[in-house]
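Right, one structure below, let's go through it.
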Amino acid sequence: ALNKVEPKLSICILGDSEGTQDFYIMPDFWASSQDQLSTESRKITVPVKLLNAELKASKATFLIIDIEGGEYELLKAADLSQVQRIAIEIHHKLIGEVKTAEIIERLQKQGFNLDKEISTKQEFFFAR
C-alpha cells in the first residue's frame with residue numbers, strides 16, 4: 001500500500017507454451033514443485049501461461065523467483081528486457097552447478113549485475 005502497488009494474483013505456472021501442468025503440493029507449501037520430490041506430496045493440475053506474454057502485460061520490472069528447481073527452464077527463453085531487478089533462489093542441489101553457472105552467466109550477458117553484498121550461496125540479487 002505504501003508503494004501504491006496492487007498485486008494481481010494468477011495461480012498458474014509460467015512457461016514457453018500454454019496448457020496445463022501437474023504440480024505437487026507439499027505439507028510445507030514452500031517446498032512444492034513441478035517435480036514429485038516426495039511421496040508426501042499431493043498432485044494438482046494447474047494452467048500454464050506464456051511467461052513472456054505475462055511479463056509484457058504486467059510491465060514487470062522486478063521478479064522474485066523461488067520455484068524449487070524450475071528456475072533454469074523458466075529463464076531459458078525469458079524476455080527480460082523490461083526487468084530491472086531479479087531476486088532468485090537458485091536450487092543448485094536440484095539443477096546442478098553447471099546450470100546454476102549458466103543462469104548467472106545468462107543474466108549477466110543480459111546486463112544484470114550480481115550484488116555480491118546481499119547475495120548468498122543460494123539466494124541471488126541482480127540489478128541493472
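With hydrogens and angles ignored, the 3.5 Å screen pairs a side-chain donor or acceptor of Asp115 with a backbone N or O of Glu117. Between the Arg128 side chain and the Ser81 main chain, a donor and an acceptor come within less than 3.5 Å of each other. Looking at Ser41, its side chain never comes within 3.5 Å of a backbone N or O of Gln36 through a donor-acceptor pair. Listed for the Ser33 side chain is a donor-acceptor partner under 3.5 Å among the backbone atoms of Asp35. Side-chain atoms of Gln110 never come within 3.5 Å of backbone atoms of Gln108 as a donor-acceptor pair (strictly under, hydrogens ignored). Of the possible donor and acceptor atoms, none in the side chain of Gln34 sits under 3.5 Å from a partner among the backbone N and O of Gln21.
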Please report the C-alpha distance between Ile44 and Asp22 in whole Å, then the side-chain angles of each, then the deciding distance to 0.1 Å, and finally whether the side-chain contact (heavy atoms from CB on, under 4.5 Å) criterion is met.
CA-CA 6 Å; Ile44 64 170; Asp22 290 340; over 6 Å; no
Would you sort out whether Tyr72 and Glu102 count as a side chain to side chain donor-acceptor pair (under 3.5 Å), showing the intermediate values?
CA-CA 8 Å; Tyr72 179 80; Glu102 285 179 26; 2.6 Å; yes
Apply side-chain contact (heavy atoms from CB on, under 4.5 Å) to the pair Asp16 and Asn52, showing each step before the final yes or no.
CA-CA 8 Å; Asp16 59 2; Asn52 290 330; over 6 Å; no
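Through chains of ILVMFWY side-chain contacts below 4.5 Å, Ile64 is grouped with Phe62, Ile118, Phe125.
By the 30° and 60° cut-offs, the orientation of the rings of Phe126 relative to Phe112 is perpendicular.
Note: Leu63 CG to Gln84 CD = 10.5 Å, rounded to the nearest 0.5 Å.
With hydrophobic clusters built from ILVMFWY side chains whose heavy atoms lie under 4.5 angstrom apart, Val48 does not share a cluster with Leu75.
Checked against salt bridge (charged side-chain N to carboxylate O under 4.0 Å, His left out), Glu18 has no partners two or more places apart in sequence or in another chain.
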Could you pull out all donor-acceptor pairs under 3.5 Å where a side-chain atom in residues 93-100 meets a protein atom, sequence neighbours excluded?
{"from": "Glu97", "atom 1": "OE2", "to": "His92", "atom 2": "ND1", "distance (Å)": "3.0"}
{"from": "Thr100", "atom 1": "OG1", "to": "Gly96", "atom 2": "O", "distance (Å)": "2.8"}

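Side chains of Ser32 and Ile25 form a contact here, defined as non-hydrogen atoms less than 4.5 Å apart.
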